[in-house]
Participant: 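Below is one structure. I have some questions about it.
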Amino acid sequence: MIVSLLALKALEDFKLPKTLEEAREIQLEIAKRVNIKPINPVKIRNAIALDVSYDKHSGKSHAAAVVFDFSSLEIKEVAVVEQELNFPYIPGFLAFREIPPILDALSCIKSEAELIICEGHGLLHPRRAGLASHLGVILDMPTVGVAKNLLFGKVDNKTFFEEDIEYRLIFDPETNEFYGAEIVKKGLNYKPIYVSIGHLVDLRSSLLVFLRIRDRFRIPKPLREAHKFSRIYRKKD
DNA sequence: GCGACAG
DNA sequence: ATCTTGTCGC
């Protein structure tokens, strides 16, 4: 997929809501368009990790898009953009704050990619329209959400073990569907990290993606790199 | 009414 | 997310 073209197309009809009621309506429409289906990891050559950092004083944001080889995790391309922030942080409405700078960064990417990984939840959201799902729907690209804290959903009791991690599934108490998982390093007392379905992936695929991009640290390597690049223009005085 | 609350 | 140095712990 040619990410820059999809980003420019998505930018055309992206409008910031004037009220939270309007934002909620948009999210309900987004949720209807989310498509849950397995992906074949073998077909993924390039993936993109995204992160956005904020400058408290200038009110600016920096969005970083890191294209990496899905097999080797080697970085292939990086884009960092600066943009004014035009929407406050309100839990449940993160997408309206971060999607504009994210689309800007994605529009700068020359590489093609088959998957996007972003910081934040996908379907694990009160209206099933978290950042990862919202972004995936407007781009029409597969997305997976990775978050450091849980916003919505109930953690199931059963614990699964796979490779060096253990996880418990998380379901939406309103639909009774499993949309994500709480993951910890096997044996160790690490703070959990949360993975959820974004768009055009299913839960199994999302977990496989996480297993693919993680390393010995809590935050998967490509997301750590995106975080680092999103802060490189920060000025220290 | 009270508490919770991605980044 | 951000404000921030040294410092407690594996």
Side-chain angles (χ1 to χ4, degrees), chain A residues 16-17 20 23-24 26-27 30-31 34 49-66 80-106 116-137 143-155 164 170-174 179-199 206 210 216-220 222-237:
Chain A
L16 278 184
L20 282 190
R24 273 188 207 93
I26 293 172
Q27 290 181 328
I30 292 292
V34 172
L50 297 173
D51 195 31
V52 180
S53 68
Y54 310 136
D55 187 315
K56 188 183 180 182
H57 294 298
S58 71
K60 299 283 188 61
S61 66
H62 292 289
V66 174
V80 183
V81 299
E82 179 179 85
Q83 191 178 114
E84 207 81 43
L85 281 167
N86 293 306
F87 201 89
Y89 171 67
I90 304 170
F93 300 91
L94 179 65
F96 298 106
R97 181 168 174 81
E98 296 202 346
I99 281 183
I102 283 173
L103 289 181
D104 197 353
L106 290 178
I116 290 176
I117 296 142
C118 43
E119 292 242 351
H121 296 287
L123 288 180
L124 286 181
H125 177 278
R127 288 165 297 282
R128 296 175 288 286
L131 171 61
S133 297
H134 197 142
L135 181 66
V137 164
T143 56
V144 171
V146 176
K148 300 184 288 294
N149 295 94
L150 189 57
L151 168 71
F152 182 82
K154 297 294 179 192
V155 182
D164 60 339
I170 306 179
F171 63 95
D172 182 328
E174 294 173 1
Y179 292 145
E182 172 194 81
I183 301 177
V184 297
K185 295 285 181 184
K186 197 177 283 181
L188 301 178
N189 257 14
Y190 271 42
K191 186 182 180 193
I193 192 156
Y194 302 88
V195 173
S196 63
I197 299 170
H199 180 54
S206 303
F210 181 84
R216 55 179 294 223
F217 300 105
R218 187 168 85 105
I219 309 293
L223 285 176
R224 291 202 309 275
E225 290 164 338
H227 186 261
K228 180 190 70 179
F229 281 113
S230 76
R231 297 179 55 123
I232 60 175
Y233 291 120
R234 170 150 320 185
K235 296 172 177 95
K236 268 201 166 181
D237 283 339

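Fair warning: this is a prediction, and the values are worked out from it, not measured in the lab.
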Participant: Is the distance from OP1 or OP2 of B/dG7 to the nearest side-chain N or O of A/Asn149 less than 4.0 Å?
Facilitator: yes

Participant: Is the number of heavy atoms from other residues, nucleotides or ligands within 6.0 Å of NZ (A/Lys154) greater than 12?
Facilitator: no

Participant: Classify A/Phe93 by what it touches in the nucleic acid, base, sugar-phosphate, or nothing, heavy-atom distance under 4.0 Å.
Facilitator: base

Participant: Report the distance from atom NZ of A/Lys185 to atom CD1 of A/Ile193, rounding to the nearest 0.5 Å.
Facilitator: 9.0 Å

Participant: C/dC3, C/dA1, B/dA6: which one has an atom nearest the side-chain heavy atoms of A/His227?
Facilitator: C/dA1

Participant: Measure the acute angle between the ring planes of A/His62 and A/Tyr233, then classify it against the limits of 30° and 60° as parallel, tilted or perpendicular.
Facilitator: tilted

Participant: Go through the steps for A/His121 and A/Tyr179 under the test ring pair (Phe, Tyr, Trp, His ring centres under 6.0 Å), then give the verdict.
Facilitator: CA-CA 10 Å; A/His121 296 287; A/Tyr179 292 145; over 10 Å; no

Participant: Return the nearest nucleotide to the side chain of A/Lys56; candidates are C/dC3, B/dA6, C/dA1.
Facilitator: C/dC3

Participant: Base, sugar-phosphate or nothing for A/Gly145? Non-hydrogen atoms, less than 4.0 Å.
Facilitator: nothing

Participant: Return the stems involving DNA chain B, sorted by first number, where pairs are Watson-Crick (N1-N3 with N6-O4 or O6-N4) or G-U wobble (N1-O2 and O6-N3), both under 3.5 Å, and runs are 3 or more long.
Facilitator: none

Participant: Choose from C/dT2, B/dC5, B/dG7 the nucleotide whose nearest atom is closest to any side-chain atom of A/Glu98.
Facilitator: B/dG7

Participant: Does the side-chain ring of A/Tyr89 lie flat on the base of B/dG7, meaning centres under 5.5 Å and planes less than 30 degrees apart?
Facilitator: yes

Participant: Any side-chain N or O of A/Arg231 less than 4.0 Å from the OP1 or OP2 oxygen of C/dT2?
Facilitator: yes

Participant: Taking A/Thr143 for its side chain and A/His199 for its backbone only, find out whether a donor-acceptor pair lies under 3.5 Å.
Facilitator: yes

Participant: Measure the CD1-CZ distance between A/Ile30 and A/Arg128 for me, rounded to the nearest 0.5 Å.
Facilitator: 13.5 Å

